[in-house]
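Note on naming: letters A, B, ... go to the chains in the order of the sequence lines (proteins, then strands), and numbering restarts at 1 for each one. What you see is a predicted model; the values in this text were computed from it and never measured.
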Amino acid sequence: MTVSLDITRRGFVAGAGAVAGLTLGFSIPFGREAAEAKAAIDEINAWVVVKPDDQVIIRIARSEMGQGTLTGLAQLVAEELECDWSKVTTEYPSPATNLERGRIWQSFSTGGSRGIRESHDYVRQGGAAAREMLIAAAAKDWGVSASDCTAVNSVITHKASNRSTTYGKVAVAASKLEPPKEVQLKDPKDWKLAGKPVKRLDTADKLTGKQIYGVDLKLPGMLNASIKACPVFGGKLASFDDSKVKSMPGVRGVVAVGEDAVAVVAETWWQANSALQALPIVWDEGENKGVTSETIREFVAEGLDAKDAFVGNEAGDIDGALKGAAKTVEATYTYPFQHHATMEPMNATAKWTEERCEVWCPTQNGEAALAACAEAAGLSPAQCDVYKIHLGGGFGRRGAFHDYVRQAVMIAMEFPGTPVKLIWTREEDMAHGMYHPYTQCKLTAALDENGDVTGLRVRIAGQSILASVMPQRMKNGADMVTFQTLLPGGEHSISYSFPNLLVDHAMRNPPVPPGFWRGVNANQNAIYMECFLDEVAHATGQDPLEFRLKLMGDYPKNAAVLKAAAEGAGWGKPAPEGVYRGLAQCTAFASHIAACAEVSVGDDGKVKIHRIVAATDSGHAVNPQQIEAQVEGSFVYGLSAMLYGECTVKGGRVEQQNFDTYRVMTISEMPEVETIVMPSGGFWGGVGEPTIAVAAPAVLNAIFAATGKRIRTLPLKHHSLAKA
Amino acid sequence: MAKINVNGSVLDVAADPATPLLWVLREQLGLTGTKFGCGIAQCGACTVHINGEAQRSCVLPLESISESDTIVTIEGLSEDGSHPVQQAWLQLDVPQCGYCQAGMIMAVAALLEKNPKPSDEEIDAEITNICRCGTYRRVRKGIHLAAAAKA
């Protein structure tokens, strides 16, 4: 029932002449009966398995893709379970098992920084219920009342009779008991394991090459595939000439995949890809072949002044405020398409027969992968399963989209009974992203004689993610995700009060597929709002911190993180010579975050980001050292996007093909980051994404302080900051 | 049949001479710790040691390797994860998704062999591996920690 990729011995290649493959040993999960028999003995409940030797296996439904979700969720279960943390391991239940058991693990979706904040309640209940059952089993054995027994560190004690036992010894008996109807969860202030900076559970294997990713999978008899889909969005496969490649070494087949792609299948991936690159292919480029970045820019820009738009947030009378204003400030910003660029390219391994289809893949949502598998295979979900593997990066690319799973299944259908592993080249990955959407934004502030803001108008024009990806989640045609960090309340609430306000969206959807990209629309919107408010502060001669705080009376948690970041960086005190500071803050994914960046700009225009002080209030902090890691990583993701991130379109296709033309940050550009984790309690905020939103605006505002130049189009690489 | 020396063993490899070392390691020898990231020596996920130098194996054809070249992959850096760089990485919980880390660790291990106590500027110049999760700050701390441990 669970995936187990147990590599028995792979450390060193043993001896001269070792034959390929023999150093690998796998235990592949097949056979439901065996799995269920195992479950009956070991399983206390869906979340907890206890072995006779006190090893505890905690089941994790969400995916681990780098953000530490697996460790955080295990901490929460173990906290309530009162087990010995040093004996905890984890495993993924499979999505088909989830369906079979009435979705006992609920959602598998790992996105929107929701892994922990959406499931903390029921996973903790799972741990608490298992603890109660283990105690009850011991108490029953001893003939005492369970309420007189305590459990600590996997040891159950009945003090009055001076007896004790371990979880492993009573596990089988506990598994046969009725689960408690209700359990009391601990007050977070009593946590001993959760809330502490414990080490991740998944580190050791990532240091030795032992960790298996999807691209590493090897199944008996497996073939390998490389694929090309029409590089023009919406285009189709017209024809290909396989006579040129059929006889190349190792090639086992050349297959059309759906309407738009062709794959070569060979004994090794290198053989498959070599033949694919030699394969003459004719594309039917379709109606988008004339689309360019410029045509998209014009199409979207028209929306900046269009009459009709979806309203995201409204207060007072913005038209009246603008008419009656002593002064107005206006600016227009543009945000480009960007690519997820996970380090591990898209890949999936599929094995298909007429009765059953199985897929091994990195996925942020095992159930969505299962649905994609079943649909492509022409089978019911009950006839399929997906075995999840840790992801080599997700960032939103592998959650709502399982195009690579569909392709792998379609290819495997040409080789019934034989597993086929599909790996995309980096070039294929760049060409078929689900891109961080393109938007523009015009902001207009109404000011009174004192320079106080009496009204703000925010017009977003551009692409909707939901319209393309999840139209069922739209509200009367509107995509509320577009308004992240600008909404009237909720997890992406605006964090300023304006007496007169209008935030609206003129939806313009160019033919480039958009996707949820780590941070989603909070990234664009925080740049728009935070850079523009900085503009207004400067236009009215006000300190950017004081100016913001005046508008934040209704948002004390935001004000608290902003002050913490500013004070941490020494705002108001002299910076080192040549160093300038910039601020940004917002609410995203239910957390409140702020950053103060310190930047210098050389006479040659070279930007150096020296330090960023960041503050995060995520309500509860399950693992503070992992929050720090997420804050640091978010700066890398957000600053890579700000410095270099741009996919340009020409001939209906993305021009960038690899990391040479799609640059990202390296260590030499990494600033010092000081993370202030300041959980105020009472709510659960995400941490994997929110900080990305403040990365770019804090730095852009510091660049303005340094140079007097306002950057309103990204990425920064297009702008010269050199002294004239 | 080519012969290559990997992790202390001389091995026969049956592959087209143009096959990059990366794919020989991964597909012929089952050493999948070395990762495919870009195929054009940009990201560094495929970094291995050849005669002690960090090299990006995705662009090195098998025919460019001779039997006298000693190749070390992440699987051969230490038998049990005890190399000072691996130990520093463990202590600081450096990896996030972990996909780039084998290459990162190999690049750092080679740097420390040449330069046992690199400055931040030297790290900036030498370590150009890409990490999309953004572990760079801990990588830098890890390099200094490993350097201190080796000293």
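With chain B as partner, the option from M670(A), M343(A), M65(A) having the largest number of non-hydrogen pairs under 4.5 angstrom is M343(A). Of the residues considered (K3(B), H83(B), M104(B), Q42(B)), Q42(B) shows the highest number of contacts with chain A, using heavy-atom pairs under 4.5 Å. Contact count versus chain B (heavy atoms, under 4.5 Å) is highest, among I423(A), T342(A), V636(A), D202(A), for V636(A). Annotation: maximal heavy-atom pairing with chain A below 4.5 Å, among G37(B), C43(B), G8(B), occurs at G37(B). Ranked by heavy-atom pairs shorter than 4.5 Å toward chain B, the options S640(A), S274(A), A341(A), G393(A) are led by A341(A). Interface remark: of the candidates T425(A), L207(A), V673(A), L207(A) forms the most heavy-atom pairs closer than 4.5 Å to chain B. Comparing C38(B), P95(B), A41(B) by heavy-atom pairs within less than 4.5 Å of chain A, the highest count is held by C38(B). Most heavy-atom pairs under 4.5 Å with chain B: of the set Q630(A), Q67(A), E628(A), K206(A), this distinction falls to K206(A). By number of non-hydrogen pairs under 4.5 angstrom with chain B, the leading residue of P249(A), G392(A), G394(A), P671(A) is G392(A).
Interatomic distance, CG of D16(B) versus CE of M248(A), reported as 8.5 Å (0.5 Å rounding). A distance of 14.5 Å separates OG1 of T208(A) from CH2 of W89(B), quoted to the nearest 0.5 Å. Distance check, rounded to the nearest 0.5 Å: CD of E344(A) to SG of C97(B) gives 8.0 Å. To the nearest 0.5 angstrom, T203(A) atom OG1 is 4.0 Å from D93(B) atom CG. To the nearest 0.5 angstrom, E672(A) atom CD is 9.0 Å from D120(B) atom CG.
With hydrogens and angles ignored, the 3.5 Å screen pairs a side-chain donor or acceptor of K199(A) with a backbone N or O of Q91(B). The backbone N or O of V215(A) lies less than 3.5 Å from a partner atom in the side chain of R26(B), making a donor-acceptor pair. Of the possible donor and acceptor atoms, one in the side chain of Q96(B) sits under 3.5 Å from a partner among the backbone N and O of A629(A). Within the 3.5 Å criterion, the main-chain N or O of T268(A) finds no donor-acceptor partner in the side chain of E27(B). Using modelled atom types, no side-chain atom of D216(A) and backbone atom of G33(B) make a donor-acceptor pair closer than 3.5 Å.
Only the side chain of F395(A) comes within less than 4.5 Å of a heavy atom in chain B; its backbone stays farther off. If you measure heavy-atom distances from I123(B) to chain A, the contacts under 4.5 Å come from both the backbone and the side chain. The parts of I667(A) that come within reach of chain B are both its backbone and its side chain, each placing non-hydrogen atoms under 4.5 angstrom from that chain. Contacts of N224(A) with chain B are made by side-chain atoms alone, with heavy-atom separations under 4.5 Å and no backbone atom involved. In this structure, the portions of Q625(A) lying under 4.5 Å from any heavy atom of chain B include both its backbone and its side chain. Proximity to chain B is absent for every atom of R663(A), based on heavy atoms less than 4.5 angstrom apart. The contact between Y213(A) and chain B is made entirely by side chain atoms (from C-beta outward), counting heavy-atom distances below 4.5 Å.
No more than 12 heavy atoms of other residues, nucleotides or ligands sit less than 6.0 Å from atom NZ of K117(B).
Residues of residues 125-148 of chain B that come closer than 4.5 Å to chain A, counting heavy atoms only, are I127(B), T128(B), N129(B), I130(B), C131(B), R132(B), C133(B), G134(B), Y136(B), R137(B), R138(B), V139(B), R140(B), ordered by residue number.
The aromatic rings of W270(A) and W23(B) lie parallel to each other, with less than 30° between the two planes, well short of the 60° mark.
In terms of the side-chain contact (heavy atoms from CB on, under 4.5 Å) criterion, residue partners of T661(A) (sequence neighbours excluded) are, by chain and number, Q656(A).
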